[in-house]
Protein chains: 2
Amino acid sequence: MRCTLVRVEETRRERKKRLTRRLIVTAALRLFEEHGYEGTTVAQITAAADVDPKTFFNYFRSKDEVLFVDTEHTYALLLGAIAERRPKEGPAEVLARMLERFTAHHMPELPPGRARELALAYRLVSTVPALQAKALYLLFDLQHKIADELCAAFPGHLDPITAAAMTGSLMGAVQQAGIAAVRLGRPQQDLWEAARVGVGVAMDGLRAQKGPDDHG
Amino acid sequence: MRCTLVRVEETRRERKKRLTRRLIVTAALRLFEEHGYEGTTVAQITAAADVDPKTFFNYFRSKDEVLFVDTEHTYALLLGAIAERRPKEGPAEVLARMLERFTAHHMPELPPGRARELALAYRLVSTVPALQAKALYLLFDLQHKIADELCAAFPGHLDPITAAAMTGSLMGAVQQAGIAAVRLGRPQQDLWEAARVGVGVAMDGLRAQKGPDDHG
DNA sequence: GTTGAAGTTTCCAGTGGCTGGAAAAATCAA
DNA sequence: TTGATTTTTCCAGCCACTGGAAACTTCAAC
């Protein structure tokens with residue numbers, strides 16, 4: 001693990017590797033935009049990046065992985081938030097703080113060229129079934145890790161099944177609320193509002209949601 | 001829609017088709033059991049069933065579809081439960097009744113030979129990543145349908161985003177709790193208990209779960 | 001029956017994601 | 001510069017899946 005906060009002198013090898021990586025990513029995104037995801041072959045990507053097809057699979061395990069580049073970084077961010085649990089926090093507070101850190105990290109500070117790429121990636125993932133499946137799988141994996149980390153943060157006080165249920169309840173609510181907002185064609189910023197609705201529902205419970213017979 | 005409760009005379013065409021279908025399914029399951037899912041090719045399946053490879057894809061859109069045969073039936077069951085909403089029920093009660101009907105339908109009445117097949121299918125789905133992905137995708141699709149149906153059951157009284165959040169919260173909690181139980185190696189029947197834990201967490205909310213500082 | 005229409009199965013040839021192995025080139029340490 | 005290691009390249013192949021067209025079955029009309 002030489003993953004320190006200060007980037008120590010990057011060797012030529014590493015630099016070329018990083019550049020090749022970005023070269024492939026940008027070429028792939030451009031082609032995806034032009035011909036669609038399914039309409040683009042890995043051969044076309046590698047031809048556009050002037051790289052051998054096999055090289056592509058050295059950098060990415062599969063075609064779809066170009067679109068899920070910084071998932072590991074996000075994983076570390078979220079799990080780190082849980083590990084830093086404060087003394088008086090309960091599980092619900094820890095999970096809430098985890099989501100807060102996520103939004104705080106993802107709302108601002110987007111490099112201009114990178115924002116376009118990200119938007120394109122979002123659009124592709126939400127429309128192409130194969131990519132949706134991949135995204136769901138990643139989210140599923142993430143929830144497993146969160147539940148484990150949550151358990152570890154409350155040793156002896158939180159049974160694994162309850163921890164998993166809490167994680168699933170919160171993440172499921174946020175996910176579905178967000179997806180619903182996208183399906184309704186709501187603009188980008190309403191998405192955060194939808195996520196907040198999801199958090200609220202999960203936190204207060206389904207019973208707290210008012211039915212049609214409640215007047216007030 | 002000639003899908004009536006009483007099976008009206010099945011023509012020879014339909015009967016042969018149904019038999020071919022089952023022939024392929026049983027052959028596939030047998031080979032999956034012997035050589036694993038990935039270790040089995042469609043060619044081997046069709047050879048074992050004495051059928052052309054192309055025929056396989058006439059019956060199933062993809063290799064994994066043999067393992068997800070009666071999903072549509074389950075969909076109809078769950079969505080039907082929501083549509084039959086009773087006058088005084090709120091959204092939470094409707095969703096709870098939906099899950100009750102599911103368990104009531106899936107706990108008993110298993111044909112003996114079919115139970116073995118189902119157990120094998122479960123084991124495969126929970127171990128092979130590609131199948132997990134497929135299952136997640138189906139569950140995702142189901143939640144979308146449930147949220148829509150739930151909205152339709154409370155016209156004008158339930159906004160789509162809240163409905164989606166409620167659906168996601170409940171289904172997410174149940175899913176993760178169930179998965180956690182499987183991961184812990186709990187026996188089959190403890191799975192239903194885990195699901196009940198999930199329902200409880202979703203119904204009462206994360207805040208209602210007691211933290212380490214609560215003494216009661 | 002015979003014929004003709006509709007549907008089902010089969011064969012053939014291809015596309016594209018992905019893999020393994022071995023050679024060639026680039027990088028780094030000494 | 002030499003030798004070891006890593007990275008890239010090329011080649012050949014597997015397998016899921018597709019399209020098109022031929023062969024066959026079913027079924028109804030005449």
Side-chain angles (χ1 to χ4, degrees), chain A residues 2 8-25 27-29 31-32 34-68 124-125 128-135 137, chain B residues 2 8-25 27-29 31-32 34-68 124-125 128-135 137:
Chain A
R2 58 190 296 270
V8 288
E9 48 174 335
E10 184 183 39
T11 150
R12 180 161 34 210
R13 227 183 172 86
E14 290 172 335
R15 188 168 55 253
K16 293 198 102 177
K17 199 164 179 177
R18 189 170 52 84
L19 288 177
T20 312
R21 195 183 174 85
R22 275 228 58 80
L23 192 67
I24 295 177
V25 170
L29 286 173
L31 290 175
F32 289 163
E34 289 174 12
H35 312 120
Y37 176 74
E38 319 254 42
T40 307
T41 70
V42 174
Q44 291 169 339
I45 297 172
T46 56
D50 194 29
V51 152
D52 189 87
K54 183 68 183 197
T55 306
F56 179 94
F57 290 104
N58 286 345
Y59 283 88
F60 307 97
R61 268 165 303 188
S62 61
K63 180 183 171 185
D64 46 39
E65 217 170 62
V66 254
L67 290 168
F68 300 96
L124 285 171
V125 171
V128 180
L131 296 177
Q132 272 185 49
K134 177 80 170 193
Y137 190 73
Chain B
R2 57 188 296 269
V8 288
E9 48 174 335
E10 183 183 40
T11 152
R12 180 160 35 210
R13 228 186 173 82
E14 291 171 333
R15 187 168 55 252
K16 292 195 104 178
K17 200 164 179 176
R18 191 170 51 84
L19 288 178
T20 313
R21 196 183 174 82
R22 274 228 59 81
L23 193 66
I24 294 177
V25 170
L29 285 172
L31 290 175
F32 289 163
E34 290 175 12
H35 311 120
Y37 176 75
E38 319 254 40
T40 307
T41 70
V42 174
Q44 290 170 338
I45 296 172
T46 56
D50 194 29
V51 152
D52 190 89
K54 183 70 184 202
T55 306
F56 180 93
F57 291 103
N58 287 344
Y59 284 88
F60 308 96
R61 269 166 303 189
S62 61
K63 179 183 171 185
D64 46 39
E65 218 170 60
V66 256
L67 290 168
F68 299 97
L124 285 171
V125 171
V128 181
L131 297 177
Q132 274 186 46
K134 176 80 169 193
Y137 190 73

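Below, chain A is the first sequence line, B the second, and so on; all start at residue 1.
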**Prompt:** Would you say a side-chain N or O of Lys54(A) is under 4.0 Å from OP1 or OP2 of dT8(D)?
**Reply:** no
**Request:** Just compare dA16(D), dT8(D), dT9(D) and give me whichever is closest to any side-chain atom of Thr41(B).
**Result:** dA16(D)
**Item:** Spatial distance of atom CG (Asp50(B)) from atom OG1 (Thr20(B)) [nearest 0.5 Å]
**Value:** 10.5 Å
**Request:** Taking only the side-chain nitrogens and oxygens of Thr55(B), find out if one of them lies under 4.0 Å from OP1 or OP2 of dT8(C).
**Result:** no
**Prompt:** So what does Tyr59(A) touch, heavy atoms closer than 4.0 Å: a base, only the sugar-phosphate, or nothing?
**Reply:** sugar-phosphate
**Prompt:** With respect to the side chain of Phe57(B), which nucleotide from dT8(D), dC17(D), dG17(C) is positioned closest?
**Reply:** dC17(D)
**Message:** With a cut-off of less than 4.0 Å, is there a side-chain N or O of Lys16(A) near OP1 or OP2 of dT27(C)?
**Reply:** yes
**Prompt:** Do Ile24(A) and Thr46(A) have side chains that get closer than 4.5 Å, going by heavy atoms?
**Reply:** no
**Request:** Report which part of the nucleic acid Thr46(A) touches: base, sugar-phosphate, or nothing (heavy-atom distance under 4.0 Å, all strands).
**Result:** nothing
**Request:** Nearest whole angstrom, please: distance from the P of dT7(D) to the CZ of Phe56(A).
**Result:** 18 Å
**Item:** Distance in angstrom units between Asp52(A) CG and dT19(C) P, rounded
**Value:** 15 Å
**Message:** Please report the distance, rounded to the nearest Å, between CZ in Arg21(A) and P in dT8(D).
**Reply:** 11 Å
**Request:** Round to a whole Å and report the spacing from CG of Leu31(B) to C1' of dC15(D).
**Result:** 16 Å
**Message:** Nearest to the Lys17(A) side chain among dT9(D), dT7(D), dT8(D), which nucleotide is it?
**Reply:** dT7(D)
